[in-house]
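Note that ligands are numbered from 1 as they come in the structure, with each ligand's atoms numbered from 1 the same way.
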Amino acid sequence: MKKFFIITIASLVTLSARADEGMWLLSLLNKNIDEMRAMGCKLSAEDIYSVNQACLKDAVVGLGRAGNPFRHFCTGEIISPKGLVMTNHHCAFSLIQEHSTVEHDYLSNGFWARSSSEEISNPGTTASILQWMEDVTERVTARLNDEMSEEERQKAIGEASTEILATVQGDHLQAQVQAMFEGNQFFLLVYKIYPDVRLVGAPPQSMGKFGGDTDNWMWPRHTADFSLLRVYTGPDGEPAAYAPGNIPLVPRHFFPVSAKGVQEGDFAMIMGFPGSTDRFLTSFGLEETMNVTNAIRYEARTEILRVMKTGMDASTKTRIQYAAKYAQCANYWKYSHEQNIALENLNTMGAKEQIEREFTAWVNADPARVARYGEALELIREGYAGTRESTITYAYLGEALFAPELPKFAAEMGEALDMLCSGSVPDHVTDIEGRLKNFAGRFFKDFDREIDQNLVATLFPLYRDRVDESRWPSTFQLVNKKYKGDFAKYAREIYASSFFTSEEALSAFIDKPNAKKLAADPCYQLGKAIRELYRQLAGATNDAQEKINKGNRLFVDGLMKMNPTRVWGPDANSTIRLTYGQVGSYRPKDGVIYDFYTTIEGVIQKEGPAGGEFEVPQILKERYAAKDFAPYGKDHVVTCFITNNDITGGNSGSPVINANGELIGAAFDGNSEAMSGDIDFEEKLQRCINVDTRYVLFVIDKIAGAKHLLDEITIVY
Ligand code: ARG
């Protein structure tokens, strides 16, 4: 709450007393630009976002997946006139992993394409570039009224959005309408989405993931967390699926890369695609996040990671197969744990309760407010109570039942195999056998039967013990009866008898489909039962959820009316945003100051055993011993630095930009002390961790020897 006081008082005096919370919408930068310029920014709002002229936003790409390209998992920035994109190593990690085998271990050795013909395509990965955005709140709210139920409201919003999207004209454009401020405002965002994204270069993980899970979410950090991709277009320069004849994207703008370095207090801003934050979360929602979502995720993933690690430690093949799955699981496993600690330490609950008390006092001071907002908090309270059990079920469903891959895979394949068995494949689907085998081939490349079977044996009993019997998948009764509740035995038997456990057996089935055999397959049955359960739960009408939605919408609307002079930033929702602030140190705890930058000295200091999280590659040690740093540094190279920018997951890889619009780094993490930041921005503590462009250039030059890439880049000394 303390924050609220400061803001209310500060906003009476001047906005610039307020630091750095806010993931701002690009089309509204005129509200921020004065403050930005006062902080040292030399650019105009139009330099950053303009509909008509080339600007910074043209060089920022959202990385997505073909099925859901608007849900950007990372950000990248264009750094050459030939569509070269820098993002994080951890953003390309699953691509690097997918292309890795025991023979070609790009994870361990790194990967550098020596020419465009060596760049590797990644079907399914997309890069979106925003064309324009606009506030469509009035066009949506014109269809809404206060008498509507939440369901009617959602329907009306859907219809309005469809109409708005239909007005977007132009080739190759893809658009979305996104709600902001808990459904109080709406924005149209129009993109070009490029489906041909190729892997160009990545350092070995001993550099790109230096520090591993131990250093993850921590400062001080020494990670070369970057990789290079390239966006390709059709010969006409427009988005096109991968084809050998495609050409590198000619961008409207690309970032010059600074080798000048950063100083404490320097202006820094970041553009990117933050995924989600919950800054308006109430005390009721916070309680659920801590005791349900975070607790269950941490509990289940501790088991998952243990099972995976046992398998990975046993063989190089499995280590490569599970590298990305493990890293992905470990990332938010640690986050959940650290977030709960930070929420406790910082008494975020107390802050939330204080806001709610002030809100209530404000509401009660005026009968008109009571009529409009009086029920908001009570609705939210009732809503959380009413969804409690299903939230717990969903959490265990997602974290435990969905952990083993084979049942999911069997159910997914099963739908197509069903068609094959009954001869009902639609005419437009050609070569279904080939496609299924292809899909299976990709699945089996990174599948280990032993690990998966152990996940069933370990995670399913957890679900059984934590979730009420009425919400079990139907197969659990069978395990109780036939196997006396012994999930390990059950897992062993079904994995031994299913034809889904081996590529050969599955391929033979595709060649000779048989409906009876499919229906009798135990992994298929299990996968189907889990899906069925999921559908059932999702289909149940949920008055309680509607109460939360309505309550939140009213609460946020009220809060904004209660603080009319504050410039509010909407929560992250995978749309492009800008955050600005400064480079700067911080005090993680009493008596300790953390410097704002790290150097290669720290890499050497942290060195640990080969194969471990702190392995230092030989070539790096040689460069260090020879002090071969120039022109990126003299006595050392700066590796990472921190800023007080407001970022979250999805921002990974985002350009960190100096006052002149030059690239000074790529954002890649947040700090554990402020892991509560997605829920309550911690002005004094919250830092954004960035890899310094000087380290990036050093690695491309002195470690990879990829001079041809340096030649593409405009380096500013
Ligand atoms: N915490 C980072 C993020 O969520 C990911 C860092 C990946 N590095 C790692 N050691 N797992 O963006």
Residues at least two apart in sequence or cross-chain that pass salt bridge (Lys or Arg N to Asp or Glu O under 4.0 Å) with E601, listed by chain then number, are none

Residues at least two apart in sequence or cross-chain that pass salt bridge (Lys or Arg N to Asp or Glu O under 4.0 Å) with D313, listed by chain then number, are K309

*Do the ring centers of F443 and F409 come within less than 6.0 Å of each other?*
yes

### Task
Kindly state whether the ring of F210 and the ring of F614 have centres lying under 6.0 angstrom apart.
yes

| request: Would you check if Y396 and E299 make a side-chain contact, meaning some heavy-atom pair closer than 4.5 Å? | output: yes

Near ligand 1 (heavy atom, under 4.0 angstrom), the protein residues are H90, K209, G212, D213, N216, W217, N331, S652, F668, D669

So salt bridge (charged side-chain N to carboxylate O under 4.0 Å, His left out) across residues 56-73, not counting sequence neighbours, yields D58-R252

